Amino acid sequence: MIELSDAEIVAECKNGNQLAFNELVRRYQEKIYWLIRRMVSDHDDANDISQDVFVKVFHSIKDFRGESSLFTWLYRIATNMSLNFLRRRKLRSFFSIDTVEHMIESDEERPLDIMEKKEQRTLIERAIETLPEKQKAVFILRYYEEMPYEEMATVLKKSTGGLKANYFHAVRKIEEYLKHAL
Amino acid sequence: MRCKHLYDIPDYVRGTITDEDRAKLDTHLLQCSSCRTEAQAMRALFSRIDADVVRKPDQTYWTNFRVHVNERIAAKKVRRFASPWIVRLAVPALSALLLFFIAKNISWNHSTPNRIFSHDELTPILAQTNESDMIYLDELTTLRASDTELTEHSTITAQSADDAIVAVETNLFSAYAANGYLYSSEDFFSAEPSIESLSSEEAEEIIRQLGNKL
């Protein structure tokens with residue numbers, strides 16, 4: 001079978017070709033999952049968000065003008081959705097008693113489950129988790145994805161100089177965390 | 001004072017810089033002890049990070065991933081069509097409208113173009129597209145068909161569950177069904193050849209037009 005280019009896949013998706021959309025998902029599912037997984041440090045959350053990323057892609061691809069590569073566009077959606085999730089999670093972590101009671105009664109994840117999940121994370125994952133949200137995104141995109149600064153600037157809407165500084169400080173913070181964790 | 005090359009050290013150690021920059025930093029590190037110390041520490045840190053073993057999802061997870069994404073898309077569409085206020089307002093209105101047309105069809109007007117399509121009528125049309133499109137029939141028969149048709153339907157299978165979900169997503173008729181519309185045979189046949197090339201907006205526009213005809 002002839003492998004379609006990203007541009008051809010986008011064009012086909014815009015025409016409503018579901019098989020092309022499936023190919024897009026297949027092609028990028030692992031990359032998107034790992035980007036998000038590293039951002040949120042949890043498989044279940046990463047699974048949830050990465051699926052939502054592709055749902056969003058499905059509905060928004062008609063608006064994708066091709067000014068950046070498909071890959072950069074996907075990463076921007078995934079990064080933004082992960083950052084939003086982290087902000088919401090931070091807010092949720094300030095539980096009121098009512099919220100806790102509600103969570104115990106409902107099927108939502110309970111604080112104990114969250115703690116247990118945290119304990120399962122590796123030391124490196126925990127170190128990355130302590131980084132401020134945007135810095136975390138910079139670290140993950142640069143370290144794991146080896147994304148060029150120019151592309152990161154498009155994804156994160158920051159200057160390349162600022163990104164370089166952020167990356168350096170993120171590395172330093174992880175180093176510090178590990179030093180104290182030992 | 002902080003060395004101006006300090007921020008380049010992580011990329012230097014990681015190997016994510018150009019050969020030209022690498023050569024420059026090689027020379028610089030020979031003279032700058034603070035950058036050298038930094039590089040050494042980062043080298044140790046990066047080896048630790050690279051050695052970190054994170055639990056990975058198995059192959060089944062990746063195989064099913066696409067299926068789950070498509071399920072979400074389908075669920076979202078249904079939710080969008082049936083958000084709480086829509087449910088509260090549109091469902092009773094549509095039900096009343098449907099009852100009116102059904103009653104009208106039964107009692108007085110046998111020549112109305114709106115009618116239910118049987119399994120036998122739909123099958124040859126759907127067979128012209130591809131096997132996975134059989135799921136269209138699922139949507140239609142579940143909402144509209146007689147018991148006999150539903151029984152017949154239970155023997156129909158798509159090529160794979162994946163294909164079936166794909167079809168639901170792209171299919172105009174599933175959108176009709178989700179909206180509870182009846183449509184004429186004329187509409188049905190004229191819309192059929194363009195199913196695959198319809199965008200969601202085009203589909204919704206046709207749905208709107210059909211809705212106006214009711």
Side-chain angles (χ1 to χ4, degrees), chain A residues 13-19 21-26 29-30 32-34 37-38 41 43 46-48 50-59 61-62 120-125 127-128 139 142-144 146-149 161-172 174-176 178-179, chain B residues 2 5-11 13-18 38 41-42 44-46 48-57 61-77 80 130 132 162-163 165-172 194-203:
Chain A
C13 286
K14 284 185 176 184
N15 285 333
N17 184 339
Q18 187 70 32
L19 293 175
F21 176 71
N22 277 356
E23 172 57 18
L24 185 153
V25 177
R26 189 199 61 76
Q29 61 187 17
E30 289 198 43
I32 293 297
Y33 167 86
W34 279 109
R37 165 83 181 263
R38 288 187 172 112
S41 324
H43 167 75
N47 174 47
D48 205 36
S50 46
Q51 284 182 29
D52 278 347
V53 165
F54 287 105
V55 173
K56 193 173 171 60
V57 167
F58 179 85
H59 290 296
I61 200 143
K62 58 183 184 300
Q120 287 170 359
R121 287 171 202 161
T122 67
L123 200 57
I124 303 290
E125 282 182 302
I128 295 171
F139 177 78
R142 186 65 185 158
Y143 190 87
Y144 291 108
E146 297 187 358
M147 186 181 271
Y149 286 113
L163 290 168
K164 230 178 205 191
N166 255 300
Y167 182 45
F168 175 83
H169 290 296
V171 172
R172 270 270 184 89
I174 293 171
E175 202 176 1
E176 281 301 306
L178 296 177
K179 218 180 269 175
Chain B
R2 176 180 286 168
H5 293 294
L6 199 60
Y7 290 159
D8 295 323
I9 302 299
D11 289 320
V13 175
R14 189 83 177 128
T16 44
I17 51 166
T18 61
E38 198 68 60
M42 284 188 185
L45 173 69
F46 291 172
R48 265 187 89 176
I49 296 175
D50 290 341
D52 189 44
V53 182
V54 177
R55 247 189 294 175
K56 293 176 182 173
Y61 172 77
W62 297 118
T63 313
N64 293 332
F65 187 89
R66 195 161 37 113
V67 178
H68 293 144
V69 168
N70 284 313
E71 278 171 355
R72 278 187 189 213
I73 292 170
K76 199 174 175 186
K77 249 186 195 173
R80 197 179 59 184
N130 70 52
S132 68
D162 204 355
D163 285 344
I165 291 159
V166 166
V168 167
E169 264 309 302
T170 51
N171 189 261
L172 169 65
S194 57
I195 295 169
E196 288 192 353
S197 60
L198 280 176
S199 68
S200 56
E201 286 90 342
E202 286 169 322

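All values reported here derive from a predicted model rather than from experimental measurement. Labels below follow one simple rule: chain letters A, B, ... track the order of the sequence lines, proteins then strands, and each chain is numbered from 1.
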Exercise for review: Using a 4.5 Å cut-off on heavy atoms from C-beta on, say whether the side chain of A:Asn47 contacts that of B:Tyr61.
Suggested key: yes

Check your understanding: Would you say B:Arg14 and A:Glu146 make side-chain contact, with heavy atoms under 4.5 Å?
Key ->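 Side-chain contact under 4.5 Å: yes.
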
Practice item. Examine whether an atom of B:Asp50 lies under 4.5 Å from a heavy atom of chain A, and if so say whether it belongs to the side chain, the backbone or both; otherwise answer neither. Key: both

Point to revise | Part of B:Ile9 lying under 4.5 Å from any heavy atom of chain A | key: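 Answer is neither: B:Ile9 stays 4.5 Å or more from chain A.
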
Exercise for review: Give, as side chain, backbone, both or neither, the part of B:Ala41 having an atom under 4.5 angstrom from any heavy atom of chain A.
Suggested key: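 Contact with chain A involves both backbone and side-chain atoms of B:Ala41.
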
Review point. Does any heavy atom of chain B fall under 4.5 Å from the side chain of A:Asn166, the backbone, both, or neither of them?
Key: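 Contact with chain B: none, neither part.
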
Practice item. Please look at A:Val55 and chain B and tell me whether the side chain, the backbone, both or neither of the residue comes under 4.5 angstrom of a heavy atom of that chain. Key: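 Both the backbone and the side chain of A:Val55 come within 4.5 Å of chain B.
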
Point to revise | Which portion of A:Tyr143 sits near chain B, non-hydrogen atoms under 4.5 angstrom | key: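 It is both, since atoms from each part get that close.
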
Review point. Taking the side chain as C-beta and beyond, is there a heavy-atom pair between B:Glu38 and A:Glu175 under 4.5 Å?
Key: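 Yes, side chains in contact.
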
Review point. Any Lys/Arg nitrogen of B:Asp11 or A:Arg142 sitting under 4.0 Å from an Asp/Glu carboxylate oxygen of the other?
Key: yes

Study note, to complete from the structure: Taken in chain and number order and not counting sequence neighbours, the residues that satisfy side chain to side chain donor-acceptor pair (under 3.5 Å) with A:Arg37 are A:Tyr33

Practice item. Taking A:Arg26 for its side chain and B:Arg66 for its backbone only, find out whether a donor-acceptor pair lies under 3.5 Å. Key: no

Check your understanding: Got B:Phe65 and A:Ile32 here, is their nearest side-chain heavy-atom distance under 4.5 Å?
Key -> no

Check your understanding: Between B:Asn70 and A:Gln18, is any pair of side-chain heavy atoms under 4.5 Å apart?
Key -> yes

Review point. Looking at A:Ile128, A:Ile174, A:Asp52, A:Val53, which one has more heavy-atom pairs under 4.5 Å with chain B than the rest?
Key: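 Heavy-atom pair counts peak at A:Asp52.
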
Check your understanding: Which value, rounded to the nearest 0.5 Å, describes the distance between A:Gln29 atom CD and B:Asn64 atom CG?
Key -> 10.0 Å

Practice item. Hey, could you give me the CG/CD1 distance between B:Leu45 and A:Ile124, rounded to the nearest 0.5 Å? Key: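 B:Leu45 atom CG to A:Ile124 atom CD1 measures 6.5 Å (nearest 0.5 Å).
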
Review point. To the nearest 0.5 Å, what is the distance between NE2 (B:His68) and CD (A:Gln51)?
Key: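 Result: 6.5 Å between the selected atoms.
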
Review point. Listed by chain and number, what are the ring-ring contact (aromatic ring centres under 6.0 Å, His included) partners of A:His169, not counting sequence neighbours?
Key: B:Tyr7

